[in-house]
Asker: 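The structure that follows is given in the form of structure tokens.
Quick note: numbers below take in every heavy atom, side chains included, and nothing from hydrogens, waters or symmetry partners. All figures in this text were calculated on a predicted structure; none of them were measured in a lab.
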Protein chains: 2
Amino acid sequence: MKVAGVPYRTLWMADDAVRVIDQSRLPFEFATVDLRSTADAARAIATMIVRGAPLIGATAAYGLALAVREDPSDFAIEAASRALLATRPTAHNLAWALDRMRAALAPVAPASRADAAFREAAAICDDDVAQCRAIGEHGAAILRRLARAATGRPLNVLTHCNAGWLACVDWGTALAPVYRAHDEGLALHVWVDETRPRNQGASLTAFELAAHGVPHTVIADNLGGHLMQRGRVDVVIVGSDRTTAAADVCNKVGTYLKALAAHDNGVPFYAALPASTIDWSIAGGEKIPIEERSARELTHLTGLTDGGGLATVRVVPVGSPVLNLAFDVTPARLVTGLITERGVCPATGEGLLGLYPERLSR
Amino acid sequence: MKVAGVPYRTLWMADDAVRVIDQSRLPFEFATVDLRSTADAARAIATMIVRGAPLIGATAAYGLALAVREDPSDFAIEAASRALLATRPTAHNLAWALDRMRAALAPVAPASRADAAFREAAAICDDDVAQCRAIGEHGAAILRRLARAATGRPLNVLTHCNAGWLACVDWGTALAPVYRAHDEGLALHVWVDETRPRNQGASLTAFELAAHGVPHTVIADNLGGHLMQRGRVDVVIVGSDRTTAAADVCNKVGTYLKALAAHDNGVPFYAALPASTIDWSIAGGEKIPIEERSARELTHLTGLTDGGGLATVRVVPVGSPVLNLAFDVTPARLVTGLITERGVCPATGEGLLGLYPERLSR
């Protein structure tokens, strides 16, 4: 996607470094960071310089390639995998990407592993782009269908957190259908949940949509239910950090509340995700580890001062404890459908197996 | 209630002025403001120096008394009432307090109206304190009953926004049962919703609870649903800005989402409110006017810098539009019960009439 007219992915090779957009500085500064080691990659994931389940996977793949460049031994690959896997506990794509990298490297002679690793990481990125593009096509068909009922006004899409191109390598998951439909000329408008505590909606989704010219409005996370009660939301689309085999959807904390409101008001609720997000080993979402992050994400906010600089302020009293859990699980019963690179399916185990029949034999 | 050991109400007479705590500066500064005219009172309500439905009513009553002191004519009383009524559209106590003041002043000769007006405003405040104390007694009985099931650990109460003593003259509505039960020795812990966009939870509820020594944890508004799914919330208690005759509960935006989550997880959900909050003229909550407030409440945040001063930062990109609606309506079907100064009733029209049978004859 484009930033100020220049096409970007969220990560790319620049000479011998892996260059990523520093998402912790958006929307007020557009800067890049070069990752030159596994430690750099692990730090970028843990501190959310990069974030979003697919991008976490892609960055981990390159993080492993950087390790292999230093030391192509099995021991080094295992050590780097463990370090990268420990950065974030919830997103499934992290484990998926590392598994794929190790499977690709295992049969390769150590002397050839560095080249193979960078090729495989690049393939993971290209696959993610292709999958997100396909998600966009399948999801745009849903938006076009819903738009026929919303004649004479733009279709109102609500999204939570950022599952746009910044969360992936390009295109996005939840926002891919929005970009696709918008580019095709469908009139739509996006309600952007601010997404406390890290404000990925206000800082990343709003930035993305503005850069691409998609009409949108930033709202407090608290407002979506009221808007649905008043008929001002036609469809909710979110991403997913991990989707279970029974189609429970783990995503940014607060997603479950929007799914409840959508269900209560008859608003369709979709999760858009590539297959790499699906954890076939877990049926029920209650088994997914929920990441606890720093209290400081809730107690402090960084933003622009009137003078144009950046400042950080504390908004919670010093003596008050804070709990910051980053994800929640939306039960499949509240999800209208899953949009994957292979199409749209009901949010059930059977629905997923219909799209991924190769899983039946396992 | 006490601040640093000193007992306070949220407003009181200081010589010839009405003195209020400036809640827009909490939790980082504890300061008071003197209101000397109706315009001062209207400004204090509109800019949320004072807020909370009962306190808005009390401040409006004194605002009218300040007008009467200048000019006791019927014309001046009507003009001041209109100005005060226009400050906030949603809280019912505002209209209720002004109606009560005018009814008290109508039969009084103009020369005696100033004294009568200040007496009536003081009576409104004293009545509010008595009502909140009674709400605390009735609600504490619920907490004691629930605590018997939560043996061996503190009872977990979740609240949204601030319906504590700062929202009233003293004691509070939703927090009155918490203070009462805590003072009686019941082990409890309060999950405090941050309450975007104005952060009344983080800045006022956390301040109040800390000042009174009640264990609590500040959370993002997005987290409550997950905590309920995991059995970490025993009861939700919120206030109400307007409750309809059919028991729909209008309260700070986001309340509806918590009610949905409570319903989905079998967690009791109570609204605590004095009778002055009940709008007997409306059955369904969809007729309540929902206040739209400044975009700046969402786009900017004020907090403490590392240096100890206050700073304001912008957290939404400059080009992104914002919608800031301040309230939503929780349908009665999601409310376990209403806690009023007369007791606890089911959230139904019949339930309310059971507590207020004098309304049957109208």
Asker: Closest heavy-atom contact between B/Leu260 and A/Ala261?
Answerer: CD1-CA, 3.5 Å
Asker: Under 4.5 Å heavy-atom distance to chain A, tell me which part of B/Leu227 shows up: side chain, backbone, both or neither.
Answerer: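 The side chain, not the backbone.
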Asker: Would a 4.5 Å heavy-atom cut-off, applied to side chains only, mark B/Leu325 and A/His226 as touching?
Answerer: yes
Asker: For the residue pair B/Glu194 and A/Val316, establish whether any side-chain heavy-atom pair is separated by less than 4.5 Å.
Answerer: no
Asker: Counting heavy-atom pairs under 4.5 Å to chain A, which of B/Thr330, B/Ile290, B/Thr302 comes out on top?
Answerer: B/Ile290
Asker: Side-chain donor-acceptor pair under 3.5 Å between A/Asn222 and B/Tyr256, yes or no?
Answerer: no
Asker: Just so I understand: if I count every heavy-atom pair under 4.5 Å between each of B/Ala326, B/Ala311, B/Gly303 and chain A, which residue has the most?
Answerer: B/Gly303
Asker: Tell me which of these, A/Thr312, A/Asp221, A/Leu334, has more heavy-atom pairs under 4.5 Å with chain B than the rest.
Answerer: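 The option with the most such pairs is A/Asp221.
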Asker: Which region of B/Glu297, side chain (C-beta onward) or backbone (N, CA, C, O), has a non-hydrogen atom less than 4.5 Å from a non-hydrogen atom of chain A, or is it both or neither?
Answerer: neither
Asker: With only heavy atoms counted, which part of B/Phe327 is less than 4.5 Å from chain A, the side chain, the backbone, both or neither?
Answerer: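 The backbone, not the side chain.
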Asker: Is A/Leu298 close to B/Val218 at the side-chain level, that is, under 4.5 Å between some pair of heavy atoms?
Answerer: yes
Asker: If you count heavy-atom pairs under 4.5 Å between each of B/Asp328, B/Thr195, B/Leu223 and chain A, which one has the most?
Answerer: B/Leu223
Asker: Please flag which part of B/Thr299 lies under 4.5 Å from any non-hydrogen atom of chain A: side chain, backbone, both or neither.
Answerer: neither
Asker: Chain A heavy atoms under 4.5 Å from B/Leu310: which part of the residue, side chain, backbone, both or neither?
Answerer: neither
Asker: What part of A/Leu26 gets closer than 4.5 Å to chain B, counting heavy atoms only: side chain, backbone, both or neither?
Answerer: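 A/Leu26 has no heavy atom closer than 4.5 Å to chain B.
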Asker: Quick one: pull up CD1 in B/Ile219 and CG in A/Asn324 and give me the separation to the nearest 0.5 Å.
Answerer: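 Spacing of CD1 (B/Ile219) from CG (A/Asn324) equals 10.5 Å.
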Asker: Counting C-beta onward and ignoring hydrogens, is there a side-chain heavy-atom pair between A/Thr305 and B/Arg314 closer than 4.5 Å?
Answerer: no
Asker: Of all of B/Thr255, B/Leu209, B/Val253, which one pairs up most often with chain A through heavy atoms under 4.5 Å apart?
Answerer: B/Val253
Asker: Determine whether B/Leu304 and A/Val313 make a side-chain contact, defined as any pair of heavy atoms from C-beta on separated by less than 4.5 Å.
Answerer: no
Asker: Between B/His263 and chain A, which part of the residue has a heavy atom less than 4.5 Å away: side chain, backbone, both or neither?
Answerer: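 Contact with chain A is absent: no heavy atom of B/His263 under 4.5 Å.
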Asker: Do A/Asp193 and B/Arg196 sit within salt-bridge range, that is, some charged N less than 4.0 Å from a carboxylate O?
Answerer: no
Asker: Considering only heavy atoms, which portion of B/Asn199 lies under 4.5 Å from any heavy atom of chain A: side chain, backbone, both, or neither?
Answerer: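 Side chain of B/Asn199 only, per the 4.5 Å heavy-atom cut-off to chain A.
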Asker: Could you tell me which residues satisfy side chain to side chain contact (heavy atoms under 4.5 Å, CB included) with B/Pro317, sequence neighbours excluded, listed by chain and number?
Answerer: A/Pro27, A/Ala206, B/Ser320
Asker: When you compare the side chain of B/His300 with that of A/Leu301, does any pair of heavy atoms fall below 4.5 Å?
Answerer: no
Asker: Which bit of B/Arg232 comes within less than 4.5 Å of chain A, counting heavy atoms only: side chain, backbone, both or neither?
Answerer: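 The side chain, not the backbone.
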Asker: Compare every heavy atom of A/Gln229 with every heavy atom of B/Val329, then report the nearest pair and how far apart it is.
Answerer: O-NE2, 3.0 Å
Asker: Salt bridge or not between B/Asp264 and A/Arg333? Use side-chain N to carboxylate O under 4.0 Å.
Answerer: yes
